[in-house]
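Notes for the one structure printed next.
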There are 2 protein chains.
Amino acid sequence: MPDRVRGMTEPSAERDPESVSRFVEHFAAQLTEAGMPRMPSRVFGALLASDAGTLTSAELGDQLKISPAAVSGAVRYLAQVHMVSREREPGSRRERYRVHSDQWYEALTNREAIIKRWEDALREGVTSLGADTPAGRRLAETLGFFEFIEEELVGVMERWRVHREQKYPR
Amino acid sequence: MPDRVRGMTEPSAERDPESVSRFVEHFAAQLTEAGMPRMPSRVFGALLASDAGTLTSAELGDQLKISPAAVSGAVRYLAQVHMVSREREPGSRRERYRVHSDQWYEALTNREAIIKRWEDALREGVTSLGADTPAGRRLAETLGFFEFIEEELVGVMERWRVHREQKYPR
DNA sequence: CGCTTCTTTCAGAAATTTGTGAAGTTAAGG
DNA sequence: CCTTAACTTCACAAATTTCTGAAAGAAGCG
């Protein structure tokens with residue numbers, strides 16, 4: 001074991017598990033409040049706060065004090081909404097879960113599937129209530145709003161990628 | 001009772017409660033899936049599908065087959081997130097709930113409070129993990145993303161209002 | 001091939017959320 | 001003021017969701 005570097009100029013040789021945990025739980029609480037189930041929120045927080053951006057199932061269960069089953073469920077959820085990806089650790093049957101710093105928040109805006117279904121429901125409503133009724137017009141306007149946002153989002157994300165390129169270069 | 005107009009060219013003299021209900025439940029299901037509690041979703045759907053854009057508590061309970069208590073709870077929720085407003089029906093102790101077609105989806109984008117809290121949590125994380133650590137940098141980038149989106153949203157909404165003005169004039 | 005290590009699935013216990021009836025509160029209208 | 005219509009609050013029952021332990025299922029490694 002090499003000597004541990006402890007100088008303050010040295011970037012965090014060791015992380016204070018206490019601080020990490022505080023952030024993880026705090027951030028997870030926000031996600032949960034925004035509608036994400038508890039365990040996925042916590043798992044995601046832990047990944048986000050990891051230096052490598054990856055953790056194994058065991059590490060997650062250990063750090064968050066939850067069962068392997070809970071990890072499994074949470075990860076399945078997160079993978080489904082493209083917030084994490086799973087990789088096989090080479091030369092081991094351990095699985096490893098990764099948060100791509102960029103991919104995940106793009107997933108946030110890619111609620112496309114959701115927006116699409118809202119739009120479908122609204123279109124159905126316009127038709128069945130009548131496009132020329134007050135209610136129908138209201139639904140049509142709402143539909144128009146979502147379509148507009150959907151288009152705009154494309155440009156916004158393009159601009160973000162440029163902005164990011166120069167502010168957070170790889 | 002006047003004769004009922006039945007021509008296909010005539011815009012829906014009467015609304016088919018069946019169709020209305022189908023839309024309401026379908027749309028509400030999407031909202032629920034996106035994280036809104038059940039009753040608020042249904043109440044909101046009913047308001048959105050009403051011709052006047054307003055319904056009384058009794059009408060809501062009646063149409064959705066729920067208790068006054070459930071209506072009360074749902075409306076409280078919706079008012080809190082600015083998706084409906086409450087008005088007193090003049091000369092009566094009936095309350096009336098209204099969906100402002102424009103106001104409500106502006107509320108959708110005004111998840112400001114939520115985004116702010118995410119940002120706070122992330123800032124805390126950057127500080128406590130160290131801005132010069134890999135994890136700290138990841139959090140900083142994520143924070144940057146939210147700040148960027150927040151700014152962009154202002155412009156998007158301005159453009160929408162213009163777009164809307166000419167496509168859906170009052 | 002079988003052993004071992006890790007992950008997933010499943011059934012059920014525990015906790016949380018949701019909706020109701022009933023009592024309580026407010027305010028209109030006599 | 002008192003009555004009464006309407007909404008809200010509260011405690012509890014019901015339904016749903018969430019997490020766990022146990023068993024089953026893959027996949028590396030000898």
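It should be emphasised that the depicted structure is a prediction, and the values quoted were computed from it without experimental measurement. Atoms considered below: every heavy atom in the structure, side chains included; atoms not considered: hydrogens, waters and symmetry mates. In what follows, chains carry the letters A, B, and so on, assigned in the order in which the sequence lines appear, proteins first and then strands, with residues in each chain numbered from 1.
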Open item on the list: Any residue in residues 78-99 of chain B with a heavy atom nearer than 4.0 angstrom to DNA chain D? Just list them by number, or reply none.
Closed with: Arg86(B), Arg93(B), Arg94(B), Glu95(B), Tyr97(B)

Open item on the list: If I take atom CD in residue Glu59(A) and atom P in nucleotide dC6(C), what distance separates them, rounded to the nearest angstrom?
Closed with: 12 Å

TODO: Mark yes or no for whether Ser72(A), through its side chain, and Pro68(A), through its backbone, hold a donor-acceptor pair below 3.5 Å.
DONE: no

Task: Sorted by number, the residues of residues 31-46 of chain B with heavy-atom contact under 4.0 Å to DNA chain C - done: Arg38(B), Met39(B)

TODO: Could you say whether Val71(B) or Ser67(A) is positioned toward the 5' end of DNA chain D, judged by the nucleotide with the nearest heavy atom to each?
DONE: Val71(B)

Open item on the list: Has Thr127(A) got a side-chain atom pairing as donor or acceptor with Arg123(A)'s backbone, closer than 3.5 angstrom?
Closed with: yes

TODO: Could you tell me if the ring centre of Trp118(B) sits under 6.0 Å from that of Phe145(B)?
DONE: no

Open item on the list: Whether the Glu87(A) and Tyr97(A) side chains hold a donor-acceptor pair (N or O, under 3.5 Å, no angle test) is what I'd like checked.
Closed with: no

- [ ] Give a yes-or-no answer on whether the side chains of Glu124(A) and His26(B) include a donor-acceptor pair shorter than 3.5 Å.
- [x] yes

TODO: Indicate the ring-plane relationship of Phe23(B) and Phe27(B), choosing parallel, tilted or perpendicular according to the 30° and 60° boundaries.
DONE: parallel

Task: Separation of dT9(C) P from Arg76(A) CZ (nearest whole Å) - done: 5 Å

Open item on the list: For Arg117(A), is the CZ atom crowded, meaning more than 12 foreign heavy atoms sit under 6.0 Å from it?
Closed with: yes

TODO: Round to a whole Å and report the spacing from NZ of Lys65(B) to P of dG21(C).
DONE: 14 Å

- [ ] Would you mind classifying the nucleic acid contact of Ser57(B) as base, sugar-phosphate or nothing, using non-hydrogen atoms under 4.0 angstrom?
- [x] sugar-phosphate

TODO: Grab the CG-P distance between Leu64(A) and dT20(D) for me, whole Å please.
DONE: 10 Å

TODO: Carefully, step by step, assess Ile66(B) and Arg42(B) under the rule side chain to side chain contact (heavy atoms under 4.5 Å, CB included).
DONE: CA-CA 10 Å; Ile66(B) 56 179; Arg42(B) 299 181 68 211; 3.6 Å; yes

TODO: Starting from C1' on dA6(D), measure out to CG on Leu55(B) and report it in whole angstrom.
DONE: 16 Å

